[in-house]
Structure formats: structure tokens, C-alpha cells
2 protein chains.
Amino acid sequence: MKPIDPIEVFKALSNEARLQILEWLKDPKAHFGPQGGVDLIEIGVCVSQITAKLNMTQSTTSQYLSVLQRAGLVHATRLGKWTYYRRDEEAIQEIASYIQHDL
Amino acid sequence: MKPIDPIEVFKALSNEARLQILEWLKDPKAHFGPQGGVDLIEIGVCVSQITAKLNMTQSTTSQYLSVLQRAGLVHATRLGKWTYYRRDEEAIQEIASYIQHDL
DNA sequence: TTGACATATCGTAAATCATCGATATAATGG
DNA sequence: CCATTATATCGATGATTTACGATATGTCAA
């Protein structure tokens, strides 16, 4: 796992929609319906479901998920046609720790 | 103390120079010379000293300090001609806590 | 192979940010 | 009051971000 870049992370977090996505992904079962036989917790939520809740286009949603991924805040898994995104809890705690001790 | 706005805070932190200022202010004695009879720890560091270390103009430094202040990350005290800035440690811990528990 | 669907990428216009120089405001000393 | 010094604000310009529609790519099912 590559070291986190605080600036990149803070930029990723500087946007309402991306913050919203992260909050939804914190408890996928509470915010998204089940999708096939896929474990929401282990694998994540697909782009279409996130697009449906966000009030934005598929294009924007996909790009925002990429930003979150480049910042290391989420992880993507492709299964068939779908790409599932889930949070990287470890990275999120690392950021909290960075602010708490190093900032 | 008004509640923190995470987006505003993250925007404030999304900039190398502003992050740098916050890090310097974490340990003012290590980064700034003494200024008159003012307690660096209690009162803070004046804009000129920060400007001198940043490689930017006084105008930019002043604006960046305002951004940090609006985000609640620093506190300003005017004494005579000088304005001294110090970190708001409580706000910084609040942000760490927000990421750790609520994000 | 083709068609249909899910996702990613590209190109763009508008909004916001970074940073500066010029100038305004505030406080001090003479 | 005046000159000087410290800080804040204004106005400008280039860079980055936002968010979109159009299009490309990848995958499955028939």
C-alpha cells in the first residue's frame, strides 16, 4: 500500500458529493438495495446504484469515484460488467491519525 | 464556538502552503524567532514572520491565514500593529474525530 | 458476431482557486 | 498631523475544479 498524500486526500474530501458517497459507503446496507448475490460489505456498491442516489450523471459519478480511489479512500473491484466500490477503512483511519498527530 | 464545516476545513487543508503554515504553528519556537515580549505559544506568530518563511507575498500570506481562520483552524489576536495567529488545537482534534467516527 | 448494458474517458464551459501587485486601513512614534 | 510599519482588501489573470454530454471500452447473452 502506497503512502497517502494528505493534499490529494484533502482535495478529494473537499466536495460535497464525494463526501456524501463516502458516508453512504460507510453503511451500504442502510443506503443501497441488495444487488444480486454480491456482498455489499465485502465487495461494495456498483456505480449505477451510487449514480441513482447522487443527483448527478453516470459520468460525474464515475469520475468522483476515481478521485476517491486515487486518494486511496476507496477500493474498486470489477466483477463482470459491474465495478463495485467500497471504503478503505484503514486509509481513512490513517488520515484521522495524520491530523491528530502530525498536522 | 460555531460548529465546524468539514468541507470548508478540507478546502483550507487542500493547499501545500496552508498546510505548511499549520505545521509551523504547531511548534512556533522551533520555526520562528522570538518577537518582542510576546509569548509565541499563548498568542501566536505575526503575519510578517510567517510571510518571511513562506515564499510568498504578504498579501497571499494574509489571505491564507484568513482562510485558515474562517475554517476555524487558527485564531487571530491583534496587539498593536501586529496580528498574531495560533492554531486552534481543539478544532483540529475535532476534525480528526470527525474523520475517525463520522465520515 | 451483435446488441445491450455498465463503466470509463474525452472534450468543454462555467465556477472557483492561487497568487500577485496595488492600494486601503490601522496603529505607533515623533 | 505625518511618516512609517503591519496587515487587510481589491482587482486581475492563469490554473484547477465542477459537471455535463458524447463517445469509447469491456462484458455478457443470444
Side-chain angles (χ1 to χ4, degrees), chain A residues 5-22 25 32-38 40 43-71 73-86, chain B residues 5-22 25 32-38 40 43-71 73-86:
Chain A
D5 173 357
I7 295 272
E8 191 171 20
V9 171
F10 292 137
K11 282 186 182 174
L13 296 175
S14 296
N15 175 282
E16 191 69 43
R18 289 190 298 260
L19 222 47
Q20 178 71 89
I21 292 172
L22 277 182
L25 290 183
F32 302 97
Q35 182 74 1
V38 174
L40 290 224
I43 304 299
V45 180
C46 70
V47 180
S48 346
Q49 300 223 49
I50 298 171
T51 302
K53 276 189 82 82
L54 215 50
N55 220 9
M56 297 188 180
T57 63
Q58 180 274 323
S59 163
T60 301
T61 306
S62 177
Q63 284 182 99
Y64 281 3
L65 287 165
S66 288
V67 169
L68 290 171
Q69 185 182 25
R70 275 195 296 278
L73 295 163
V74 302
H75 179 268
T77 309
R78 179 124 206 184
L79 284 185
K81 315 194 252 191
W82 294 277
T83 306
Y84 299 92
Y85 285 88
R86 66 171 186 277
Chain B
D5 173 356
I7 296 271
E8 192 171 20
V9 171
F10 292 137
K11 281 187 184 172
L13 296 175
S14 296
N15 175 281
E16 191 69 44
R18 288 190 298 258
L19 223 45
Q20 179 71 89
I21 291 172
L22 278 182
L25 290 183
F32 302 96
Q35 181 75 359
V38 175
L40 290 222
I43 305 297
V45 180
C46 70
V47 180
S48 347
Q49 299 224 47
I50 298 171
T51 301
K53 277 189 81 83
L54 264 192
N55 221 9
M56 299 188 181
T57 63
Q58 181 272 324
S59 163
T60 300
T61 306
S62 177
Q63 286 182 92
Y64 281 3
L65 287 166
S66 289
V67 169
L68 290 171
Q69 185 183 22
R70 277 193 296 277
L73 294 163
V74 302
H75 180 268
T77 307
R78 179 125 205 183
L79 283 186
K81 318 196 251 193
W82 296 275
T83 306
Y84 299 91
Y85 286 88
R86 64 170 186 278

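Quantities reported herein were computed from a predicted structural model and do not represent experimental measurements. Residue numbering restarts at 1 for every chain, and letters A, B, ... go by the order of the sequence lines.
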Using the rule given for side chain to side chain contact (heavy atoms under 4.5 Å, CB included), can you reason through B:Thr77 versus B:Arg86, listing the C-alpha separation, both sets of side-chain angles and the distance that settles it, and then say yes or no? CA-CA 8 Å; B:Thr77 307; B:Arg86 64 170 186 278; 3.4 Å; yes

Which residue, B:Gln35 or A:Met56, contacts DNA chain D at a nucleotide closer to its 5' end, judged by nearest heavy atom?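 Looking at the nearest nucleotide for each, B:Gln35 comes out on the 5' side.
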
Letter by letter from the 5' end, nucleotides 7-13 of chain C scores (B base, S sugar-phosphate only, - none; protein heavy atoms under 4.0 Å) BBBB---

Nearest non-hydrogen partners of [X] and [Y], listed with the distance:
X: A:Ile7; Y: B:Ser14; result: CD1-C, 4.1 Å
X: A:Thr51; Y: A:Thr57; result: CG2-C, 3.9 Å
X: A:Val9; Y: A:Ala71; result: CG2-O, 3.5 Å

Tell me the interatomic distance from [X], atom [atom1], to [N], atom [atom2], rounded to whole angstroms.
X: B:Leu79; N: C:dT28; atom1: CG; atom2: C1'; result: 14 Å
X: B:Asn15; N: C:dC20; atom1: CG; atom2: C1'; result: 15 Å
X: B:Leu54; N: C:dA18; atom1: CG; atom2: P; result: 13 Å

Give the first and the last nucleotide of DNA chain D, reading 5' to 3', that has any atom under 4.0 Å from a heavy atom of chain A.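 So the contact region on DNA chain D extends D:dT17 to D:dC28.
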
Taking only N and O in the side chain of B:Asn55, is any of them less than 4.0 Å away from OP1 or OP2 of C:dT19?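 The answer is no; no side-chain N or O of B:Asn55 sits under 4.0 Å from OP1 or OP2.
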
A:Arg18 (side chain) donor-acceptor with A:Gln20 (main chain) under 3.5 angstrom: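 No, because the side chain of A:Arg18 does not come within donor-acceptor range (under 3.5 Å) of the backbone of A:Gln20.
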
With side chain to side chain contact (heavy atoms under 4.5 Å, CB included) as the criterion, how do B:Leu68 and B:Tyr85 come out once you've worked through the C-alpha distance, each side chain's angles and the decisive distance to 0.1 Å? CA-CA 10 Å; B:Leu68 290 171; B:Tyr85 286 88; over 6 Å; no

Say you draw a straight line from CD of A:Gln63 to CD of A:Gln58; how long is it, rounded to the nearest 0.5 Å?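 If we round to the nearest 0.5 Å, A:Gln63:CD and A:Gln58:CD are 9.5 Å apart.
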
Name of the residue among B:Ile21, B:Leu25, B:Val67 meeting side chain to side chain contact (heavy atoms under 4.5 Å, CB included) with B:Val74: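 It is B:Leu25; the other options fail the test.
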
